[in-house]
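Notes follow once the structure below has been shown.
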Amino acid sequence: MTARRTGRRPGNPDTRQAILAAARAAFAERGFDAASIRAIATAAGVDPALVHHYFGTKEELFRATVDIPLDPAELLPAVLAGGAEGVGERLVRMFLGVWDSPAGAAAVALLRSAVNNQWTARLLREFLVTQVLRRVLDHLDIAPAELPLRGSLVATQMIGLAMMRYVIRLEPVASADPETLVAALGPTVQRYLTGDLG
């Protein structure tokens, strides 16, 4: 009988899957901010350096757990480049561009799964809050006390749009030209972000 080796696991697909499973649990239970690479590595039975080797940063690991093929950090600068004026329309345009692209299939699958699975719903919520909404709201001159409500209102509009256009396929929204939707929904999102909510 051979003695069991200790130390970190060798790099293989099982290791990658163990890290992803530990990360999904940590992000769903504790949220993005409170989950640490060290705790995820411990739960997966690996060294934290191996987590970084497979996934890079915590943000990249989080995106891998949610299975989103696009990085919001690369897309949002164009949304924010014009300042606060028009950010609602630019956000809706970017959102539709992603969901209408080949990458949109993964987003639709995630949304369908979130409706029926509490863990997926938590991961989707964390993704929206930490990777998208927080990045947008941090660039606008908004009182900190208003951030949660404004972010939630924007999320209701965007997820409602995704449900009606891509999952339920309600016409004429499902086949509408993206610019028609940008013109109709952009001002509402703009009000949620910067307007009077009273």
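Because the structure is a prediction, the values reported are computed rather than measured. Quick note: residue numbers are just sequence positions, from 1.
- The shortest side-chain heavy-atom distance between T57 and E60 falls under the 4.5 Å cut-off.
- Across all non-hydrogen atoms, the minimal contact from A84 to T194 is CB-CG2, 4.3 Å.
- Atoms CZ and CE, from R90 and M94 in turn, are 11.0 Å apart once rounded to the nearest 0.5 Å.
- Within 6.0 Å of atom NE2 in H52, more than 12 heavy atoms from other residues, nucleotides or ligands are found, so the atom counts as buried in its surroundings.
- A donor-acceptor pair under 3.5 Å is absent between the side-chain atoms of S113 and the main chain of A109, judged by distance alone.
- What you find for R134 and T130 is that their closest heavy atoms are NH2-CG2, 3.7 Å.
- To the nearest 0.5 angstrom, Q190 atom CD is 8.0 Å from L140 atom CG.
- Considering all non-hydrogen atoms of both residues, A44 and A18 come closest at CB-O, 3.6 Å.
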Subject >> Stepwise side chain to side chain contact (heavy atoms under 4.5 Å, CB included) test for W99 and L111 >> reply: CA-CA 11 Å; W99 285 72; L111 185 56; 3.9 Å; yes

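- Grouping the Ile, Leu, Val, Met, Phe, Trp and Tyr side chains by contacts below 4.5 angstrom, directly or via other members, places F62 apart from V129.
- Put simply, CD1 on I19 and OG1 on T65 are 12.5 Å apart, with the number rounded to the nearest 0.5 Å.
- Scanning both residues, V98 and S101, for their nearest heavy atoms gives O-OG, 2.6 Å.
- Looking only at distances, no side-chain donor or acceptor of R30 sits under 3.5 Å from a matching main-chain atom of S36.
- Transitive grouping of hydrophobic side chains (ILVMFWY, heavy atoms separated by less than 4.5 Å) brings I168 and L110 into a common cluster.
- Under the side-chain contact (heavy atoms from CB on, under 4.5 Å) rule, M163 has a single partner from V108, L170, V173, V115, which is V115.
- Between E179 and R93 the shortest side-chain heavy-atom distance falls below 4.5 Å.
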Output a table of donor-acceptor pairs, distance under 3.5 Å, between side-chain atoms of residues 144-161 and any protein atom two or more places apart or on a different chain; print 'none' if there are none.
residue	atom	partner	partner atom	Å
E146	OE1	R150	NE	2.8
E146	OE1	R150	NH2	3.0
R150	NH1	R191	O	3.4
R150	NH1	Y192	O	3.0
R150	NH1	L193	O	3.4
R150	NH1	G195	O	3.0
R150	NH2	G195	O	2.8
S152	OG	P148	O	2.9
T156	OG1	L153	O	2.6

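- Here the CG-CG distance, from L137 to L80, works out to 9.5 Å after rounding to the nearest 0.5 Å.
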**OP:** Apply the test side chain to side chain contact (heavy atoms under 4.5 Å, CB included) to residues Y54 and L50: give CA-CA distance (whole Å), side-chain angles for both, the deciding distance (0.1 Å), then the verdict.
**Re:** CA-CA 6 Å; Y54 275 109; L50 197 55; 3.8 Å; yes

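- Within 6.0 Å of CG on D141 lie no more than 12 heavy atoms contributed by other residues, nucleotides or ligands.
- A parallel orientation is assigned to the rings of F27 and F32, their planes being inclined by less than 30° (bins at 30° and 60°).
- A 6.0 Å sphere centred on CD of E171 holds more than 12 heavy atoms belonging to other residues, nucleotides or ligands.
- When all heavy atoms of T120 and A114 are compared, the closest pair comes out as CG2-N, 3.7 Å.
- In terms of modelled atom types and a separation under 3.5 Å, the side chain of E89 and the main chain of G186 share no donor-acceptor contact.
- For the atom pair CG (L20) and CZ (F55), the distance works out to 3.5 Å, reported to the nearest 0.5 Å.
- Taking the side chain as every heavy atom from C-beta outward, L76 and L91 approach each other to under 4.5 Å.
- For P178 against R165, the heavy-atom pair with the smallest separation is CG-NH2, 4.1 Å.
- With values rounded to the nearest 0.5 angstrom, R112 atom CZ is found 13.0 Å from Y166 atom OH.
- Using a distance-only test at 3.5 Å, with no hydrogens or angles considered, no donor-acceptor pair links the side chain of R63 to the main chain of F127.
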